[in-house]
Amino acid sequence: MPELPEVETIVRQLDRLLSGRILRGLQVRDPKLAHLEPLAGSLAGTRLGRIRRSGKRVILPLEDGEAVRGWLAVHLRMTGRLLLVEEGEPEPAPARLCLELDRGRLLFADTRRFGTVDWLTGPAELAPPGLDPFDPACTPAALAELARAARAPLKSWLLDQTRICGLGNIYVCEILHASRLSPWRAAGNLELAQWRLLHREMRRILRLAIKNCGTTFSDFQDSRGLEGSFGRMLQVYGRAGAACPRCGAIVQRETQAQRGSWWCPGCQE
DNA sequence: ACGCAGACCTGTACGC
DNA sequence: TGCGTACAGGTCTGCG
């Protein structure tokens, strides 16, 4: 479910509310997460450090005095949610994992159970798989260089997390529309000026989405169960048959690399 | 280097 | 109302 803006929304909220709190215990409630079972005893009493994002993962550092014991890396995939439950409140959804805190608890709920939680012990594992869109090293020239000679369609190219990380189907569709580029166009064929435009629109759209706490398409909610409002600003995603807000042509949907692609044939080429 | 199918899971929306 | 089907924001593996 969540892409960069949704993960960023969750991370900012969790960092504000949880950083510095003490972990009292960890309950593994889904056998698919049994690999975390051995941690349950040893992590009790550790303190949550500054919570951050790596690609689409939520990183929860667990500290012991000055030393970092390790990091819990949560990937929410399609339906994962991290829900903060106050002392005495009922749990709003069945949880796969429960972090008991000094007061209240943090639940990992995930209907489709695609999400993953890993225990990382080395900084190398923390690095995102590709270039983060807000990394200063992510420049139009760097993107052009990465895509040199790539024959893959832009849509698939941008979705590959080992190049740019954090984009998913919704934002790629929106970014391509804003950049007037067709999802079918080969990534290696762009002029530098088009990479500049794409780069600018990518950052603009992601910033705007973060400001609006992400997109709630079907089931994204933040850690207190609230919904993001960027969904109202979508120009093409999920809008097949509607008029393009920019040129009035009819938005098309077509399957591309097994995923839906929405775009406007009137103004994207 | 790429596209594609299938896998992992469950819920929802829609047509009949 | 009930049933079957298609589809879903992500990513991995294996095949051609």
Side-chain angles (χ1 to χ4, degrees), chain A residues 1-11 29-35 53-58 73-82 92-97 108-118 125 128-130 132-133 145-177 183-189 202 205-206 208-210 212-222 227-241 253-263:
Chain A
M1 156 213 88
E3 310 180 29
L4 187 153
E6 290 75 33
V7 178
E8 187 66 31
T9 299
I10 293 165
V11 159
R29 300 184 187 168
D30 179 346
K32 282 183 78 179
L33 298 178
H35 59 286
R53 178 179 67 77
S54 170
K56 291 178 188 170
R57 293 179 302 172
V58 177
V74 182
H75 197 308
L76 302 164
R77 297 285 180 103
M78 307 279 261
T79 53
R81 287 181 292 163
L82 286 168
R96 302 180 62 197
L97 185 71
F108 174 47
D110 178 21
T111 328
R112 284 173 79 179
R113 299 165 73 211
F114 286 174
T116 57
V117 182
D118 290 305
E125 303 166 279
D132 192 90
E145 175 56 24
L146 273 177
R148 200 163 48 88
R151 278 165 301 167
L154 261 180
K155 169 74 185 309
S156 324
W157 194 88
L158 290 169
L159 279 176
D160 185 333
Q161 304 294 300
T162 64
R163 294 162 185 145
I164 306 176
C165 60
L167 304 181
N169 211 18
I170 294 180
Y171 293 104
V172 167
C173 289
E174 293 299 308
I175 290 164
L176 288 174
H177 177 260
W184 300 94
R185 165 154 193 172
N189 278 352
M202 171 174 76
I205 286 173
L206 293 175
L208 183 63
I210 291 168
N212 285 274
C213 298
T215 305
T216 299
F217 198 71
S218 59
D219 52 7
F220 169 68
Q221 293 180 329
D222 69 9
E227 303 189 336
S229 58
F230 187 74
R232 289 199 292 275
M233 302 186 186
L234 296 175
Q235 308 284 296
V236 287
Y237 182 86
R239 302 191 66 242
R253 178 198 191 274
E254 212 162 326
T255 299
Q256 188 177 21
Q258 324 249 103
R259 324 271 311 265
S261 277
W262 285 263
W263 89 102

Could you give the CD-to-P distance, from A:Gln258 to C:dC15, as a whole number of Å?
16 Å

Separation between the P atoms of C:dA8 and B:dC4, rounded to whole Å
16 Å

Please examine the side chains of A:Ile210 and A:Leu4, heavy atoms only from C-beta on, and report whether any two atoms are closer than 4.5 Å.
yes

Using a cut-off of 4.0 Å on non-hydrogen atoms, how would the nucleic acid contact of A:Arg163 be classed: base, sugar-phosphate, or nothing?
sugar-phosphate

Starting from P on C:dT11, measure out to NZ on A:Lys32 and report it in whole angstrom.
15 Å

Verdict with reasoning, A:Met202 to A:Leu167, per side chain to side chain contact (heavy atoms under 4.5 Å, CB included):
CA-CA 9 Å; A:Met202 171 174 76; A:Leu167 304 181; 4.0 Å; yes

By nearest atom, which of the nucleotides B:dG3, B:dC9, C:dT11 is closest to the A:Pro153 side chain?
B:dG3

State the pairing partner of B:dA1; accept Watson-Crick or G-U wobble contacts with both distances under 3.5 Å, and report none otherwise.
none

Indicate, yes or no, whether a donor-acceptor pair under 3.5 Å links the base of B:dC9 to the side chain of A:Arg112.
yes

When the nearest nucleotide of DNA chain B is assigned to A:Phe114 and to A:Ala150 on a heavy-atom basis, which residue is associated with the more 5' position?
A:Ala150

If you apply the rule side chain to side chain contact (heavy atoms under 4.5 Å, CB included), what do you find for A:Arg163 with A:Leu158, and how did you get there?
CA-CA 7 Å; A:Arg163 294 162 185 145; A:Leu158 290 169; over 6 Å; no

A:Arg77 atom CZ is separated from B:dC9 atom P, nearest whole Å, by 11 Å

Under a 3.5 Å cut-off for both distances, is B:dC8 Watson-Crick or wobble paired, and to whom?
C:dG10

What's the closest nucleotide to the A:His75 side chain, out of C:dT11, B:dG11, B:dC9?
C:dT11

Is A:Phe108 close to A:Asp30 at the side-chain level, that is, under 4.5 Å between some pair of heavy atoms?
no

Send over the distance from A:Asp160 CG to C:dT13 C1', rounded to a whole Å.
15 Å

Within-4.5 Å side-chain heavy-atom neighbours: A:Val172 and A:Tyr237:
no

To the nearest Å, how far apart are A:Asp110 CG and C:dT11 C1'?
13 Å

If I pick the P atom on B:dA5 and the same atom on C:dA6, what distance separates them, to the nearest angstrom?
15 Å

Rounded to the Å, how far apart are A:Arg151 CZ and B:dC4 P?
14 Å

Could you measure between the two P atoms, the one in C:dG4 and the one in B:dC9, and give it in whole Å?
23 Å

Please classify the nucleic acid contact of A:Ser156 as base, sugar-phosphate, or nothing, using heavy-atom distances under 4.0 Å.
sugar-phosphate

Any carboxylate oxygen within less than 4.0 angstrom of a Lys/Arg side-chain nitrogen, looking at A:Asp132 and A:Arg53?
yes

Just the rounded figure in Å: distance from C1' of B:dA1 to CG of A:Leu146.
14 Å

Within the structure shown, what part of the strands sits under 4.0 Å from A:Arg253 by heavy-atom distance: base, sugar-phosphate, or nothing?
sugar-phosphate

Hey, does the side chain of A:Arg96 come within less than 4.0 Å of B:dT10's phosphate (OP1/OP2), counting only N and O?
no

In whole Å, what is the span from the CG atom of A:Leu159 to the P atom of C:dT11?
9 Å

